[in-house]
There are 2 protein chains.
Amino acid sequence: MTRGAGRLRTAATTRLSRDARPRVAVDTILFAFRDHQLQCYLVELARGEAAGQWAFPGRLVRIGEKLDEAARADLAASTGLRDVYLEQLFTFGDPTRDPRTHVVSVAYMGLTAAPETVSACSAKYAQGRWCGVERLPRLAYDHPQMADYALNRLRAKLEYTNIALYLLPPAFTFAQLEELYATVLERELDRRNFRRRILASGLLRRLSQERRGAHRPAALYEFAPRSLRTIEML
Amino acid sequence: MTRGAGRLRTAATTRLSRDARPRVAVDTILFAFRDHQLQCYLVELARGEAAGQWAFPGRLVRIGEKLDEAARADLAASTGLRDVYLEQLFTFGDPTRDPRTHVVSVAYMGLTAAPETVSACSAKYAQGRWCGVERLPRLAYDHPQMADYALNRLRAKLEYTNIALYLLPPAFTFAQLEELYATVLERELDRRNFRRRILASGLLRRLSQERRGAHRPAALYEFAPRSLRTIEML
DNA sequence: CCAAAAGTGTTGGCTCTACACCCATGA
DNA sequence: TCATGGGTGTAGAGCCAACACTTTTGG
């Protein structure tokens, strides 16, 4: 999001002195795989010109803050989530992207495996909600571009890294993994070929437990190194 | 580079009021293929705490400026070059990266096919020079990280795009193209396989002229679309 | 005619894709 | 016993890597 401080400014001089340099913000596109969909977290802006519009959570960066720490702290404030995978995406600097003032925004992609633990949103926003990436409402500012950029990055990284580990619970079945891939990449995958390739990458470890349910039990797996690895997945 | 405004500040209050927010800068790692090496353009800082150290050209972004326009304008001012391919790399925001003040720097990679046309460097710097990427001097600030990042990006993009077009003259031989790839990727390439793959990508057009020299003449080629295309090259 | 760089094809191995049936369980 | 989702193997095609000799020119 881009700031709406909400404070009125009365004169151009005020604006000029306050705006001597562009400001720096971070905005985070937080993804989760929920309800058989890739979803992202939206907040409804409560203040400023864009009040009532939906956007991604974010805020200005303060003096002395690292960018990723600002993004992480803001995400904790907006969603209550603490363990989020964060990756810098791109910096959007068009001076007109926020009609009020020149804000340069560093966009981050966030991934969480625990979307249900999101708590009441910060007072800064009217509300927050998860929304399927196929059904996004009109977003404020240049946030539609950010959404595109984040989605492309996530799709690309599914193909050559084990980034899916940040979207899945610690133990999961092959069916879950395959559904994640098929959904995000929007294409069907051959179950046998998918299995073979993923196993060949050596990044999964089979657990001794199984998931029991209405039907035949399914073997559970975990990601073996729990950190990002670059390797051909597809 | 990160700014050294050179102006002295006398009191913490001055610093605080001036530094109410982080500043935004752009820095550009400009590459060229010159003298059988991949080289990048360095400037010697003339002012500020880092005076005497080498760095990449850059400057603060002004209100109302787009990031890439700021990078382009600064490159024109520092090198005289106007037609440079620019691509945003990463934003470095560690508050301690510039010991003086909190500057968030958006790093760009620049590519030029005409490194010889670089003109006298701007008054802002003591001097400027091309330097092989294997023999970089100690660089100011976090510019060594920027250099790594840029080099990795260039290497990656050689493998899946036609980005080499921005490093080569309009007409070139296969030997030149292969030398560029082999040098930047630091590995030998099989001439026949390389030829076949590049031609199969359909991104080269053979020209009717040949380059004549001391030995057997070599066919000249040009990049057919003169814009970036994503396609498997290697 | 010699040195130097340009140009050219084939084969074997491997990888990838396409494809269909049986299994284990709970209800 | 049935419905549901879980689990498995093979064959043919296409792709990729490895490999060495001939051609053209200027000196």
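Just so you know, these numbers come straight off a predicted model, no measurement behind them. FYI, side chains are in, hydrogens and waters are out, and symmetry mates aren't considered; it's all heavy atoms of this structure. Every chain is numbered from 1 and lettered A, B, ... according to where its sequence line falls, protein lines coming before strand lines.
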| Options D:dA18, D:dG6, D:dT25, nucleotide nearest the side-chain atoms of B:Pro217 | D:dT25
| So which nucleotide from C:dA5, D:dG6, D:dT4 ends up closest to the side chain of B:His215? | C:dA5
| note | The nucleotide from C:dT8, C:dG9, C:dA18 with an atom nearest the side chain of B:Arg195 is C:dT8
| What is the distance, rounded to the nearest whole Å, between atom CZ of A:Phe194 and atom P of D:dT8? | 15 Å
| query | What about B:Phe31 and B:Tyr166, are their ring centers closer than 6.0 Å? | reply | no
| field | B:Glu87-B:Tyr85 side chain donor-acceptor pair, cut-off 3.5 Å | value | yes
| note | In whole angstroms, the gap separating P of C:dC19 from CD of A:Glu188 amounts to 13 Å
| request: Determine whether the aromatic ring centres of B:Phe56 and B:Tyr41 lie less than 6.0 Å apart. | output: no
| message | Using whole Å, what does the distance between atom P of nucleotide C:dC16 and atom CD of B:Glu232 come to? | response | 13 Å
| Just to confirm, is there a sub-4.0 Å distance from OP1 or OP2 of C:dG26 to any side-chain nitrogen or oxygen of A:Arg212? | yes
| said: Which nucleotide wins on minimum distance to the side chain of B:Ala175, given the candidates C:dA6, D:dG5, D:dG6? | reply: C:dA6
| message | Is a donor from one side chain sitting under 3.5 angstrom from an acceptor on the other, for B:Thr91 and A:Thr91? | response | yes
| task | Just compare C:dA5, D:dC19, D:dT4 and give me whichever is closest to any side-chain atom of B:Asp190. | result | D:dC19
| field | Residue mapping more 5' on DNA chain C - nearest nucleotide basis, B:Ala214 or A:Asn193 | value | B:Ala214
| request: Just compare D:dG9, C:dA6, D:dA17 and give me whichever is closest to any side-chain atom of B:Arg191. | output: C:dA6
| request: With side-chain contact (heavy atoms from CB on, under 4.5 Å) as the test, would you mind laying out the steps for B:Tyr221 and B:Arg205 before giving the verdict? | output: CA-CA 6 Å; B:Tyr221 292 81; B:Arg205 181 170 23 230; over 6 Å; no
| query | Looking at C:dA4, D:dG7, C:dA20, which one has an atom nearest to any side-chain atom of A:Arg192? | reply | C:dA20
| message | Of the listed nucleotides (D:dT4, D:dT8, C:dA5), which one gets closest to any side-chain atom of B:Arg216? | response | C:dA5
| Is any side-chain nitrogen or oxygen of B:Arg196 closer than 4.0 Å to OP1 or OP2 of D:dC16? | no
